[in-house]
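A quick write-up on the structure given underneath.
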Amino acid sequence: MISLRKLHPLIVSCLLAAVCTWASAQSAKPNVIILATGGTIAGAGASASNSATYTAAKVPVEKLIAGLPELGNVANVKGEQVFQIASENMTNEHLMTLGKRVSALVKQADVDGIVITHGTDTLEETAYFLNLVIRTNKPVVLVASMRPSTALSADGALNLLNAVTVAASKDAAGKGVLVAMNDEIQSGRDVSKNVNIKTEAFKSQWGALGMTVEGVNYWFRAPIKRHTQQSEFNIDEMSALASVEIVYSYANVPRVAFDAVSKTGIQAIVHGGPGNGSVADRIVPVLKDIRAQGVQVIRSSRVPDGFVLRNAEQPDDKYDWVVAHDLRPQKARILAAVALTKTNSSKELQRIFWEY
Ligand code: ASP
């Protein structure tokens, strides 16, 4: 060890100045919290050639952060393990726990942005849920990967770096909950997992909002539907989600699933119909009976793109049903589960489906 006293005073003051510059650069960087929930981004396979056969939710958040020192160039990053699950195991309770934690963190003055690592399977549902209930303008960004970190050409590291870049950026503020995947920045409302085996897995029929390339965000459009700061919903005022279930239709669909689900005390049923949310003639009376029991009926489409028109395939006004607009069944469930914590009016529910 060289004693500072033996060094020339000029060298000492240069060293101190360098340390001070480094320290102020550190404190000038945005503070980003990574909330880890599991998924493939935290997955591990037996060998580098295992890109699709692996165990999800294995690697703890500290290890993810330690494995990516580049994060430190972008932000002061801290990790928190909220759960360690594959996202097909997400429940309403997980959504509430995660949402409450995000809401608490965004209120802290020393937090500039949040990144949530998540499995790809239900990421779009969590992203939409947070987009509806977190009252903030600070960036909240979900990220995932299609390949585990142990695989050749793993996509998680760059996705995570991009997500932290977005969460640390002032230009990402006020754009709702975002999803950073495959260099793209997507709206959490619009995006869905469209491909289950490629790194280019997430798409929105309305297009990405932008891209992150070499640490810079390039924006091309902004979300128009109500979200986060302008939302009428607030997780701080919610204790549980309303009970909403989905039943799909297909050629030869029997009524058994509709009957079974309607007996479970639900507040709404989402009909995942073909085409423009069409309902088979033999299912129409079943849905009318369900509505007569006070359960909301939401007509959505299992077709990936497009949107359901009110009073087109079915007389929604006459039956007092709601249409899901462009939301796929799994997103319609999330919106109904949030909305029905505040209202049980079908008119209000339809307004909410148009606005969010
Ligand atoms: N089943 C995994 C999950 O959703 C898949 C993934 O993350 O890609 O957690």
Side-chain angles (χ1 to χ4, degrees), residues 34-65 67-68 79-99 101-102 114-131 140-164 166-167 177-204 208 246 304 328-331 333-334 337:
I34 302 183
L35 297 179
T37 72
T40 297
I41 194 163
S47 80
S49 57
N50 286 123
S51 63
T53 314
Y54 57 86
T55 312
K58 280 271 152 210
V59 184
V61 66
E62 293 75 28
K63 228 174 147 185
L64 287 181
I65 294 173
L68 196 52
E80 230 181 271
Q81 194 77 46
V82 187
F83 331 111
Q84 187 63 296
I85 59 171
S87 74
E88 60 270 29
N89 298 319
M90 282 297 273
T91 61
N92 288 353
E93 289 69 37
H94 287 114
L95 289 175
M96 290 298 297
T97 305
L98 179 63
R101 187 65 192 130
V102 175
I114 308 278
V115 166
I116 299 162
T117 61
H118 202 285
T120 56
D121 289 357
T122 61
L123 179 144
E124 65 205 68
E125 295 167 56
T126 302
Y128 188 38
F129 171 69
L130 298 175
N131 193 58
V140 175
V141 187
L142 280 89
V143 64
S145 76
M146 289 297 286
R147 295 180 182 145
S149 55
T150 45
L152 287 173
S153 293
D155 52 334
L158 184 56
N159 286 348
L160 183 55
L161 182 60
N162 286 345
V164 170
V166 176
V177 170
L178 301 167
V179 173
M181 284 292 288
N182 201 36
D183 299 352
E184 292 180 327
I185 311 165
Q186 300 274 0
S187 154
R189 176 196 185 271
D190 298 341
V191 79
S192 274
K193 185 175 182 179
N194 268 25
V195 185
N196 59 15
I197 197 85
K198 292 184 188 170
T199 51
E200 193 190 358
F202 283 79
K203 286 272 161 237
S204 149
I246 303 168
R328 293 180 183 185
Q330 63 273 26
K331 296 229 186 199
R333 183 193 84 88
I334 294 288

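Side chains are part of it too, since the values below use all heavy atoms of this structure and drop only hydrogens, waters and symmetry mates. In each ligand, atom 1 is the first atom listed, and ligand 1 is the first ligand listed. Sequential numbering from 1 along the given sequence is applied to the chain's residues.
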E62 CD: over 12 foreign heavy atoms closer than 6.0 Å |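 Buried by this count: over 12 neighbours within 6.0 Å.
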
CE/M181 to CG/D155 distance, rounded to the nearest 0.5 angstrom?
->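 Between atom CE of M181 and atom CG of D155 there are 6.0 Å.
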
To the nearest 0.5 Å, how far apart are OG in S192 and CD in Q186?
->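 Going from the OG atom of S192 to the CD atom of Q186 covers 9.5 Å.
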
For [X], atoms of ligand 1 separated by under 4.0 Å from a heavy atom:
X: A86; value: 9 (O)
X: S87; value: 3 (C), 4 (O), 9 (O)
X: G39; value: 7 (O), 9 (O)

Considering only heavy atoms from C-beta outward, does the side chain of V177 approach that of I116 to under 4.5 Å?
->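 Contact flag for V177/I116 side chains = no.
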
Test item: L123 and K193 side chains (from C-beta on) under 4.5 Å apart, heavy atoms =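 They are not in contact (no side-chain heavy atoms under 4.5 Å apart), so the answer is no.
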
Among all protein non-hydrogen atoms, which one is nearest to atom 8 (O) of ligand 1, and what is the separation to 0.1 Å?
->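 Ranked first by proximity to atom 8 (O) of ligand 1 is T120 OG1, 2.5 Å.
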
Protein contact of atom 6 (C) of ligand 1 - nearest heavy atom, named by residue and atom, plus distance =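 Here the closest protein heavy atom is T40 OG1, 2.7 Å.
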
T97 and H94: side chain donor to acceptor below 3.5 Å |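 No, because no side-chain N or O of T97 sits under 3.5 Å from a partner of the opposite role on H94.
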
Return yes or no for this condition: an N or O of E88 is under 3.5 Å from an N or O of ligand 1.
->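 Between E88 and ligand 1 (N or O atoms, distance only) the closest approach is under 3.5 Å.
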
Should K193 be counted as touching ligand 1, given the test is an N or O pair under 3.5 Å?
->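 It does not: no N or O of K193 is found under 3.5 Å from an N or O of ligand 1.
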
Heavy-atom gap S145 to ligand 1 smaller than 4.0 Å |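 Yes.
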
